[in-house]
Each structure stands twice: as C-alpha cells, then as structure tokens.
Amino acid sequence: MIMSAPATNTPHVSVLLPEVLAASAPVDGAVVVDATFGAGGYSRGYLAAGAARVYGIDRDPTAAEAGRALEAESGGRFRFLQGRFGDMDALLDAAGEPMVDVVAFDFGVSSMQLDQAERGFSFRHDGPLDMRMERAGMSAADFVNTAEEREIADVIWLYGEERASRRVARAITRGRPFETTAALADAVRSALPPRGRDQIDPATRSFQAIRIHVNDELGEILRGLVAAERRLKPGGRLAAVTFHSLEDRLVKRFLTARAGRGANPSRHVAVVADRDRTAPSFAITGTRPIVAGEAETAVNPRARSAKLRVARRTDAAAWDAPADAQGLFREPAR
C-alpha cells in the first residue's frame, strides 16, 4: 500500500473500513497495528474510534510522507514504521511495544499503485516495467528478461492460475527484452485467445503472477500472519482483508489450522509441531467471510472482490511457523 497521489483524481477509499473496525471492537484504549498503512485509512479510523496507540507499517517508501504527516497530527498516538509487515516482531521491538490488541491487514496492491504508470504495476497505463513495492531489488523487467522459460511458466501458473502459462512464457521469451508494461501485455495477449465480451483482459493473470513473484507477496502474508499470532494478546483480534483467491485461501487455511479445525491441510504446514503446541491459538469469528454491501461496491468497485476474515487470539502459545506459503494457497502441483 502507498500514499503518494494517484495519477487519477479518484481518491483512495479504504475497503470494508466500518466492518474492520467493528471486528476489532473494543477499539477504545486499544493498541493497534495497521500492518498495511497505505494512505492511512484504517489508521485514521482506529484513531477516531479511540485507539490508545496505532502503529502503521508499510514497505513502500512513498507511504512515509503520509505516515509522518499523521504522526504530527495524532498527538503522539500514531507512529509510522517503515518496513515489511512480515518483520512485525523486529519493528515492534524497536518501537518498545511487546504485545498488541489488534492487527489489521489489507493485502494486495493498492488502487493508487495501479494508477501510477511510473510504478509499472498495471498495463492500463503504459509505463516502465517495474512492479516493486519497495522500489528495490528485482524488478518485473529483470525477471521476464532473464528468467528461463520454465521458471516464467511456473510463476504464471502458480500465482496467476493461468492454464496457458507455457504458451505465455514462450511468447515472453521470444519477444524479450521488455521495458514497458504495454509491450509485455501485448506479448501475453498474443499467446491467448481474444477476450470475449465482459471478460477480463487476457494479460491480467500474468501481470498478477509476476507482481506477486517479484514482491514475494504470499510469503510475506504468511510471515505477517505468524508475526500477528506472536504479538497479539490473549483476546486480541486479527482482521484480514483479501482481494483474490490465493490470498484468501492462504488466510483461510492458516486460521483453520491454527483454530484446530480439520486435518493438516498440507505437508508444508506445521499444524502440530509438538505436544505442547497443539492447543488452538485462534478462534475464528463467524462461519463465512464478510463482504462489502451494494452501497460500498457502487462507490468503490474494488470492494467487490474483498473478503474480511476475523479471528480472536486465544491464550495458547503461538505455534511454530509453517515452512512456506505454497502449501496453504495451492493444491498439489500439477
């Protein structure tokens, strides 16, 4: 999530904000971690609801300006922490905050990042092929221009759930090097049938996959959930908003395992680490995820795919961390 002004005049709207605040109740006097600060919508909501202290975490350096501004406005109740939410333990240690009452996540890429052509997240606006949330490390151009065809195909299949991943990867390797989002999107489309009426652009899944891979988004989500489990007080609340099936599946399976429901979902997931760590560490709130109502989706179309899952921290010890995220979001490999 980022803060700097979008390329369009459409303001960023925090998805499911009233529902997230309600799921976090009681907020008055609570210590809250807004783990995906972005434009600060959740943080401002928690402050308005009476939170004693709010920590906003964001890996995107462009979020810092909004974070520092809110620090100045909050009278010492808000603090911005630059970094990844997967590093929540170290960030809270440095802030001198051992345990918290609420951790809220709004996963995925923000509408502002998508709208900024220079960030290279979307083919809707032609720009440099970047996609890096931290503006450091491997870019999307680095990946598609240097990776082997098989690796590109695996990434597009795994993170984009694109059935024609091999054809897409072949088109990419034949057409490279790529420098812009439009050029890559054209290459992807050339390998796929033209979209029908009311269908998504054929390049959408591949762009999602490359973005997730470049930023290790699902691995980061898993590390964030594990960190939240360690940092929440007994009775503390976890609120997680997801926007696509991979994110939601990972959150659902993590919480299902930690709540002690059902068998171990995967060999990758350390559900039963030892006899002293089998008590459920979370109690899931509700039987189905919370979704946006018609009024919200009419104003903010991005909310249509949003799902909010909520859980309460028990007094059991935190479990050992799962080995990796893949077993939580993906069925056995093809």
Side-chain angles (χ1 to χ4, degrees), residues 1-8 10-18 20-21 24 27 29-116 118-119 121 130-137 215-217 220-221 223-225 227-228 231-232 237-241 243 300 302:
M1 298 296 173
I2 68 171
M3 165 54 198
S4 58
T8 69
T10 304
H12 175 76
V13 180
S14 296
V15 173
L16 291 170
L17 176 58
V20 168
L21 293 175
S24 304
V27 176
V31 178
V32 177
V33 174
D34 175 3
T36 47
F37 176 74
Y42 285 177
S43 290
R44 291 181 181 276
Y46 281 115
L47 290 170
R53 293 187 298 282
V54 177
Y55 295 93
I57 299 175
D58 207 298
R59 67 196 287 189
D60 193 322
T62 56
E65 182 179 354
R68 302 307 176 204
L70 187 53
E71 283 184 339
E73 298 171 17
S74 68
R77 294 168 57 212
F78 174 81
R79 184 170 175 183
F80 178 74
L81 306 178
Q82 180 78 52
R84 298 185 174 208
F85 54 70
D87 296 326
M88 190 184 307
D89 284 317
L91 293 170
L92 291 178
D93 283 345
E97 195 72 67
M99 303 294 286
V100 301
D101 299 293
V102 177
V103 177
F105 295 100
D106 177 6
F107 292 125
V109 66
S110 78
S111 56
M112 293 177 297
Q113 286 171 320
L114 291 172
D115 287 340
Q116 291 180 327
E118 69 273 16
R119 300 301 300 275
F121 283 99
D130 194 325
M131 301 192 190
R132 297 172 296 174
M133 291 183 178
E134 288 164 302
R135 299 195 170 186
N215 294 289
D216 188 23
E217 290 181 32
E220 190 66 13
I221 288 174
R223 289 186 288 274
L225 292 171
R231 287 293 175 159
L232 281 167
R237 282 83 65 205
L238 172 71
V241 177
F243 290 90
N300 184 11
R302 180 172 178 257

Aromatic plane relationship, Tyr42 with Tyr46 - under 30° parallel, 30 to 60° tilted, over 60° perpendicular = perpendicular

Verify, without hydrogens or angle tests, whether Arg77 (side chain) and Ala51 (backbone) share a donor-acceptor contact under 3.5 angstrom.
-> yes

Distance in Å, Ile57 CD1 paired with Met88 CE, rounded so as to fall on 0.5 Å steps | 5.0 Å

Hey, does the side chain of Asn215 reach the backbone of Glu217 with a donor-acceptor pair shorter than 3.5 angstrom?
-> no

One should read off an interatomic distance between Asn300 CG and Arg302 CZ, to the nearest 0.5 angstrom, of 7.0 Å

Could Asp34 and Arg44 be called an ion pair, given the rule that one side-chain N must be under 4.0 Å from one carboxylate O?
-> no

Rounded to the nearest 0.5 angstrom, the CD1-OG1 distance for Ile221 and Thr36 is 10.0 Å

Does the salt bridge (charged side-chain N to carboxylate O under 4.0 Å, His left out) test come out yes or no for Arg231 and Asp93, once each step is laid out?
-> CA-CA 10 Å; Arg231 287 293 175 159; Asp93 283 345; 2.4 Å; yes

Which value, rounded to the nearest 0.5 Å, describes the distance between Asp58 atom CG and Phe80 atom CZ?
-> 5.5 Å

Salt-bridge present (Glu134, Arg84; N to O < 4.0 Å) | yes

If you round to the nearest 0.5 Å, how far is OH of Tyr55 from CG of Leu91?
-> 11.5 Å

Could you check if a side-chain atom of Leu47 sits within less than 4.5 angstrom of a side-chain atom of Leu70, using non-hydrogen atoms only?
-> yes

Nearest 0.5 Å please: distance from the CG atom of Leu238 over to the CG atom of Leu225.
-> 6.5 Å

Kindly indicate whether the side chain of Asp101, heavy atoms from C-beta on, has any atom under 4.5 Å from the side chain of Arg53.
-> no

